[in-house]
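Presented below is the structure to which this report refers.
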Amino acid sequence: MPDEIVLPAPADFHVHVRQGKMCELVTPQVAKGGVRTAYVMPNLVPPLTSTDAVLAYKAELERLDPSIQWLMTLYLHPDVTPEEIRKAAKAGISGVKSYPRGVTTNSNSGIEDYGVYYPVFKAMEEEGMVLNLHGEVPSDPEKNISILNAEVHFLSHLKKLAYDFPNLRIVLEHATTSNAVDSVLSLPANVACSITAHHLYLTIDEVAPQPHHFCKPLAKEPKDRKALQEVIKSGNPKFFLGSDSAPHPLSSKIPNLTQDGHSVSACAAGVYTSPILIPLVATLLESFGALDQLQNFVCDNGRNFYTVSAQKGQELRLVRTSREEGKGIVKGTLKGDDGIEVLPFWTGKKLEWEIVN
């Protein structure tokens with residue numbers, strides 16, 4: 001087994017860096033985790049529905065960390081017209097993110113009917129922009145739809161969009177089920193899929209007792225985790241890293257209680273992996289015999305699909321973590337201004353790989 005790995009400019013094709021004080025805290029952590037190119041989500045408050053708003057956000061991220069290549073997205077919304085798509089494409093905005101209404105953080109402005117946006121998708125197809133799909137549908141007790149099967153119910157929408165727009169690059173984001181893997185494999189080359197680090201480790205058994213493992217989409221059964229691992233192990237070029245690293249204040253992950261015992265906040269959905277991302281992915285891939293696919297998964301596959309070249313001089317060197325006691329253990333909370341605290345995934349566990357600066 002190798003003791004050193006050199007990767008050409010790892011990329012994370014799905015990351016949240018928030019806004020305000022939280023943004024100031026977490027943005028520098030993207031590079032710390034080994035990422036050189038980051039594809040940024042637009043679900044801020046308010047959502048990023050105009051080219052001007054996206055460019056202003058990008059300028060702020062570049063101010064906080066100019067070392068990262070920040071790739072930007074619009075939030076699919078009635079304000080995003082075909083004309084706005086053409087303006088965004090000319091400004092270098094890479095894609096548009098679709099959130100079904102109410103399924104995850106800051107998705108209350110999300111969509112309910114994909115057909116309404118067919119003129120937008122056609123403009124995206126013509127301009128070469130990418131459509132990023134949060135692959136769930138809203139829960140519906142009458143139809144027996146819940147967060148456990150919301151992804152499976154979404155897959156028919158994915159298939160229809162893929163065939164209706166054969167030249168539109170589409171990414172099913174953060175897949176969690178064997179059904180999703182099979183669907184992406186069955187669809188034409190215009191459809192790809194991002195996979196998070198945490199879904200390569202978690203199943204529903206690890207989520208149920210631990211609020212810091214709660215995310216959308218929810219981690220599923222062992223067979224689903226196995227499907228994600230096996231498709232990475234296969235080297236299929238449709239699958240690549242999109243961390244969905246989603247920081248939330250510690251107070252939002254552990255619900256507060258009033259004096260009479262009533263909860264005043266729900267547990268926020270999100271797992272935060274940015275500070276340890278590439279060493280974590282290397283550790284996980286090695287655990288299921290896929291370390292030889294690390295470069296494909298974190299560098300080549302995503303860059304090829306998005307047509308984003310690696311920059312020279314941005315190689316990342318990983319070495320095996322020392323066996324010395326305490327080495328490689330993920331430390332606890334990050335603390336920022338105004339009392340913000342964020343707990344990274346894997347806290348207290350040992351990473352088998354570390355970055356050499």
Side-chain angles (χ1 to χ4, degrees), residues 11 13-19 23 37-63 68-138 154 157-173 187-192 194 242 302-303 305-309:
F13 283 99
H14 183 136
V15 64
H16 298 268
V17 285
R18 306 307 192 198
Q19 58 201 117
C23 184
T37 296
Y39 194 79
V40 182
M41 293 297 105
N43 58 330
L44 305 187
V45 180
L48 300 179
T49 61
S50 74
T51 300
D52 292 345
V54 172
L55 294 180
Y57 187 40
K58 182 180 182 182
E60 175 65 6
L61 299 182
E62 289 174 337
R63 181 188 70 81
I68 295 287
Q69 180 185 25
W70 300 105
L71 303 180
M72 308 305 292
T73 58
L74 282 165
Y75 184 110
L76 190 61
H77 181 274
D79 289 348
V80 178
T81 62
E83 293 73 27
E84 192 66 30
I85 289 297
R86 300 191 195 286
K87 180 180 178 181
K90 288 182 175 61
I93 293 172
S94 300
V96 177
K97 179 64 181 287
S98 167
Y99 289 95
R101 183 166 296 176
V103 301
T104 191
T105 302
N106 299 340
S107 63
N108 292 335
S109 299
I111 72 170
E112 295 178 326
D113 180 4
Y114 291 96
V116 171
Y117 291 96
Y118 269 39
V120 172
F121 299 152
K122 183 62 176 174
M124 291 176 62
E125 189 176 48
E126 293 169 353
E127 296 292 339
M129 293 180 74
V130 176
L131 176 61
N132 301 92
L133 299 172
H134 182 110
E136 294 185 290
V137 298
F154 175 82
H157 297 292
L158 172 67
K159 292 175 183 178
K160 180 169 174 51
L161 288 169
Y163 287 114
D164 287 350
F165 298 94
N167 295 313
L168 175 62
R169 285 176 293 159
I170 300 172
V171 178
L172 176 65
E173 301 279 17
L187 289 169
N190 63 313
V191 177
S194 67
R303 289 187 178 278
F305 187 81
Y306 279 89
T307 66
V308 178
S309 299

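Separating the CZ atom in Phe165 from the CD atom in Glu126 is a distance of 10.0 Å, to the nearest 0.5 Å. The distance from the NZ atom of Lys97 to the OH atom of Tyr39 is 9.0 Å, given to the nearest 0.5 Å. Rounding to the nearest 0.5 angstrom, the gap separating the CD1 atom in Ile93 from the CE atom in Met72 is 7.5 Å. Note that CD1 of Ile170 and CG of Leu161 are 5.5 Å apart. Values are rounded to the nearest 0.5 Å. In this structure, the separation between OG on Ser98 and CG on Leu131 is 6.0 Å, given to the nearest 0.5 Å. The distance from atom NE2 of His134 to atom CE of Met41, rounded to the nearest 0.5 Å, is 11.5 Å.
Judged by distance alone, with hydrogens and angles left aside, the side-chain atoms of Arg169 form a donor-acceptor pair with the main-chain N or O of Phe305 at under 3.5 Å. Looking only at distances, a side-chain donor or acceptor of Asn190 sits under 3.5 Å from a matching main-chain atom of Leu168. Panel note: side chain Arg18, backbone Cys23; no donor-acceptor pair is recorded below 3.5 Å.
Among all heavy-atom pairs drawn from Leu76 and Val80, the shortest one is CA-CG2, 4.5 Å. The shortest non-hydrogen separation linking Val15 to Ala38 is CG1-CB, 3.8 Å. Closest of all the heavy-atom pairs between Met129 and Ala88 is CE-CB, 4.2 Å. Taking both residues in full, the closest heavy atoms of Pro78 and Thr81 are given as O-CG2, 4.0 Å, listed atom of the first, atom of the second, then distance. The two residues Ser194 and Glu173 make their nearest non-hydrogen contact at OG-OE1, 2.8 Å.
In this structure, the side chains of Tyr114 and Leu133 come closer than 4.5 Å at one or more pairs of heavy atoms. Side-chain contact between Tyr75 and Leu44 is absent, with no heavy-atom pair separated by less than 4.5 Å. At least one side-chain heavy atom of Thr73 sits under 4.5 Å from a side-chain heavy atom of Pro42. Annotation: side chain of Phe121 is not in contact with side chain of Asp164 (no heavy-atom distance under 4.5 Å). Side-chain contact between Gln69 and Val308 is present, with at least one heavy-atom pair separated by less than 4.5 Å. Counting heavy atoms from C-beta outward, Tyr306 and Leu71 have side chains that stay 4.5 Å or more apart.
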* Could you give me the CA-CA distance, side-chain angles and deciding distance for Val120 and Val96, then say whether side-chain contact (heavy atoms from CB on, under 4.5 Å) is met? => CA-CA 10 Å; Val120 172; Val96 177; 5.6 Å; no

* To do: Start with the C-alpha distance between Val171 and Phe13, add both sets of side-chain angles, then the distance that settles side-chain contact (heavy atoms from CB on, under 4.5 Å), and finish with yes or no.
  => CA-CA 10 Å; Val171 178; Phe13 283 99; over 6 Å; no

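With no hydrogens or angles considered, a side-chain donor-acceptor pair links Thr51 and Glu84 at under 3.5 Å.
Ionic pairing of Glu83 and Arg86 is not present here: no N-O contact between side-chain nitrogen and carboxylate oxygen is shorter than 4.0 angstrom.
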